[in-house]
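Step one of this worksheet: look at the structure below.
All heavy atoms count here, side chains included; hydrogens, waters and symmetry mates do not. Residue indices begin at 1 and follow the sequence shown.
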Amino acid sequence: MNASKYTRQFFPAPVSSPAWMNKNYIEKPPVWCSVDLRDGNQSLIIPMSLEEKLEFFKLLVKIGFKEIEVGFPAASDTEYTFLRTLIEENLIPDDVTVQVLTQSREHIIKKTFESLKGVKNAIVHLYNSTSVAQREQVFKKPKQEIIDIAVEGARLFEKYSKEMGVNYRYEYSPESFTGTEPEFALEICNAVLDVWKPTADRKVIINLPVTVEVSMPHVYANQVQYMNDNLKYRENVIISLHPHNDRGCAVADTEMGLLAGGDRVEGTLFGNGERTGNTDIVTVAMNMFAQGVDPRLDLSNMPEICETYERVTRMQVGDRSPYSGKLVFAAFSGSHQDAIAKGMKWREEHTCRYWTVPYLPIDPSDVGREYETDVIRINSQSGKGGIGYLLEHNFGYFLPKKMREHVGYTVKGYSDRSHKELLPDEVLQIFTKEYVNINSPLSLKDYHFVRSGDSIKAFVTVEYNGELRDISADGNGRLDAVSNAIKRNLGISYSGLTYAEHALESGSSASAVTYVGITGEDGQMCWGAGVHDDIIASSIYALFSAINKTI
């Protein structure tokens, strides 16, 4: 790997005082423009069919996009047909503007305007490449001839707009903006603006694409600020950002670009686009949401959005993609699970204005995710807090604190040996098998009690080591009497009986669950649980479960 063959291909903007550096967050959402159906679609191995593009368009409208780039209608029959279908079947809501792309060539511009016939709101997007590499290697033209290409295209926009009697909005992109000298990018944009002469009623979009990401995000922010400070007609110009992700910084480019004066963002759901992709609009929007700024996009049903996206694009949303991935809220680590469980308990006990749960930057339910299946996930790395939280919130078992640790190690052992994650129902099965109503080798057959003065006498029938036995003893309570009968008649020794109980379900037919912990002769504490519709029976079953664990 010879790094000396590479050099810095960007041109820092002459900004002496970057104003964006003094801003700590984005105060309001930009205008969002989805380019999934053009930029995203052209990057797919198998481009979307007409039916798939129509479904995706409807999804984007449902999410709340008011500007949607629908394609390059002069480039192919498929693109042209898609746009005409949207128009002729009246699928474009009155408050949604479709955007189409065109190169600065007359026959392409003419066909583009013709393809829009009948549409109510449209943005026609003109572009030509301006970078040093493109000028020298591809077009082999000096700066003035590159400007002439853009200006001629701008004039053709005016010509065909007047001929068709439409008042569409215009957009211009100096493609490869970040590889262009800032002074030249400014010159060519101003030349286009001089042709279009934007007004307050008909603003022009100047799009500043990171066509290939070649610098750190702060360099792009300075380039955006330079344009923001020096563009003509600035009050009637909308600065749009269109970062790609070659360096993995498209989201950072976008956020810094917005701080530096950007008004609008072009990107795709989940960042699908050429090479390493485009700006991930879901991430940028949810970053705002997580800091208390309404992005004005409805991302509340993230599972549905992901399912539709994956089906029609044949792409996958990564398991760890911010906000949208299947595992982004999942906590396997024991310390993380414990902190989340305690944070959720804190919220139950306090009136909390803001969401501050450890390890969860947003409330998973805000994007349609469920605590029971998405947050606490169990494997060999999990801890007692997470396993206890899962049993409590999914199945109603409120384990005593010391029992949680015991159960935690048992469940983790299963996961470790099977080398897999355990689903909630599997955790319940393990807990039931290992702790609940264990009736072997000491088996409960029958019992009854007789009060004698201040004490209770228990008469218990058990089977132990294959032998049926009737045993009895006094105690200061029913469970104590049963315990004494076992210890005095069967030669089973233990101490330190710990007891807890609660109703397992609400209502008149609720089952009772009892937890009993005892310390065996080896000094190890063992736990058992009993479940029965009678609290006395559940406590005896719990005791037998704990004793059988010690045996």
Answer whether the closest heavy-atom distance between the side chains of Phe65 and Val96 falls below 4.5 Å. no

Heavy atoms of Val70 and Glu79 approach each other most closely as O-OE1, 4.4 Å

With a sphere of 6.0 Å drawn around CG of Asp95, does it hold more than 12 non-hydrogen atoms of other residues, nucleotides or ligands? yes

Using only atom types and a distance under 3.5 Å, with no angle test, would you say the side chain of Lys197 pairs donor to acceptor with the backbone of Asp194? yes

Just to verify, what does Arg264 make a side chain to side chain contact (heavy atoms under 4.5 Å, CB included) with, not counting sequence neighbours? Val31, Cys33, Glu67, Gln99, Ile123, Glu171, Ile205, Ile238, Ser240, Glu266

Is Lys62 salt-bridged to Glu304, going by a charged N under 4.0 Å from an acidic O? yes

Are the side chain of Glu52 and the backbone N or O of Ser49 linked by a donor-acceptor pair below 3.5 Å? yes

Tell me, do Asp263 and Pro30 make a side-chain contact under 4.5 Å, heavy atoms counted? no

Main-chain N/O of Val312 paired with Glu55 side-chain donor or acceptor, under 3.5 Å: no

Hey, could you give me each pair passing side-chain hydrogen bond (donor to acceptor under 3.5 Å, both in side chains) that has a residue in residues 339-352? Not counting sequence neighbours. Asp338-Lys342

Parallel under 30°, tilted from 30 to 60°, perpendicular over 60°: which one fits the rings of Trp196 and Tyr170? tilted

Let me confirm one number: the CG-CE distance from Asp366 to Met302, rounded to the nearest 0.5 Å. 10.0 Å

Can Gln144 and Asp148 be counted as having a side-chain donor-acceptor contact under 3.5 angstrom? yes

Give, for atom CD of Glu163 and atom CD of Glu114, the distance between the pair rounded to the nearest 0.5 Å. 9.5 Å

Do Leu208 and Gln223 have side chains that approach each other closer than 4.5 Å (heavy atoms only, starting at C-beta)? no

Any chance you could lay out the ring pair (Phe, Tyr, Trp, His ring centres under 6.0 Å) test for Tyr309 and Phe270, step after step, and finish with the verdict? CA-CA 9 Å; Tyr309 167 83; Phe270 313 115; 4.8 Å; yes

Donor-acceptor under 3.5 Å (Asp39 side chain, Val35 main chain): no

Rounded to the nearest 0.5 angstrom, the CZ-CD1 distance for Arg234 and Ile239 is 3.5 Å

Is the closest basic N to carboxylate O distance between Arg314 and Glu310 below 4.0 Å? no

Pair listing, side-chain hydrogen bond (donor to acceptor under 3.5 Å, both in side chains) test, anchored in residues 2-13, at least two apart: Asn2-Ser4

Under the rule for side chain to side chain contact (heavy atoms under 4.5 Å, CB included), what residues qualify as partners of Pro29, not counting sequence neighbours? Trp32, Met288, Val293, Arg296

Does a side chain donor of either Tyr233 or Asn190 reach within less than 3.5 Å of an acceptor in the other side chain? no

Hey, is Lys159 close enough to Glu106 for a salt bridge, meaning N to O under 4.0 Å? yes

Under the criterion side-chain hydrogen bond (donor to acceptor under 3.5 Å, both in side chains), which of Thr254, Thr268, Asp253, Asn245 is the partner of Thr279? Thr254

Thr102 vs Phe113 side-chain heavy atoms within contact, under 4.5 Å: no

State which residues pass salt bridge (Lys or Arg N to Asp or Glu O under 4.0 Å) with Asp294; sequence neighbours excluded, sorted by chain then number. none

Measure from the ring center of Phe10 to the ring center of Tyr220 and say whether it is less than 6.0 Å. no

For Ser321 and Ser324, indicate whether the former's side chain and the latter's backbone hold a donor-acceptor pair under 3.5 Å. no

Backbone of Gln134 reached by a side-chain donor or acceptor of Ser131 within 3.5 Å: yes

Under a plain distance cut-off of 3.5 Å, with no hydrogens placed, do Gln337 and Tyr389 share a side-chain donor-acceptor pair? no

Give a yes or no on whether the backbone of Pro142 and the side-chain of Glu136 come within a donor-acceptor separation of less than 3.5 Å. no

Contact check, side chains of Asn287 and Gln291, non-hydrogen atoms, under 4.5 Å: no

According to side-chain hydrogen bond (donor to acceptor under 3.5 Å, both in side chains), does anything in residues 12-30 pair up with another residue at least two apart or in another chain? List the pairs. Trp20-Asn222

Heavy-atom side-chain contact between Val427 and Leu423 under 4.5 Å: no

Do Cys189 and Pro174 have side chains that get closer than 4.5 Å, going by heavy atoms? yes

Salt-bridge contact Arg135-Glu181 (side-chain N to carboxylate O under 4.0 Å): yes

Look only at the side chain of Thr130 and the backbone of Glu175, and say whether a donor-acceptor pair between them is shorter than 3.5 Å. yes

Would you say Ser34's side chain and Asp36's backbone share a donor-acceptor pair under 3.5 angstrom? yes

Strictly distance-based, threshold 3.5 Å: is any side-chain N or O of Glu213 a donor or acceptor partner for the main-chain N or O of Gly248? yes

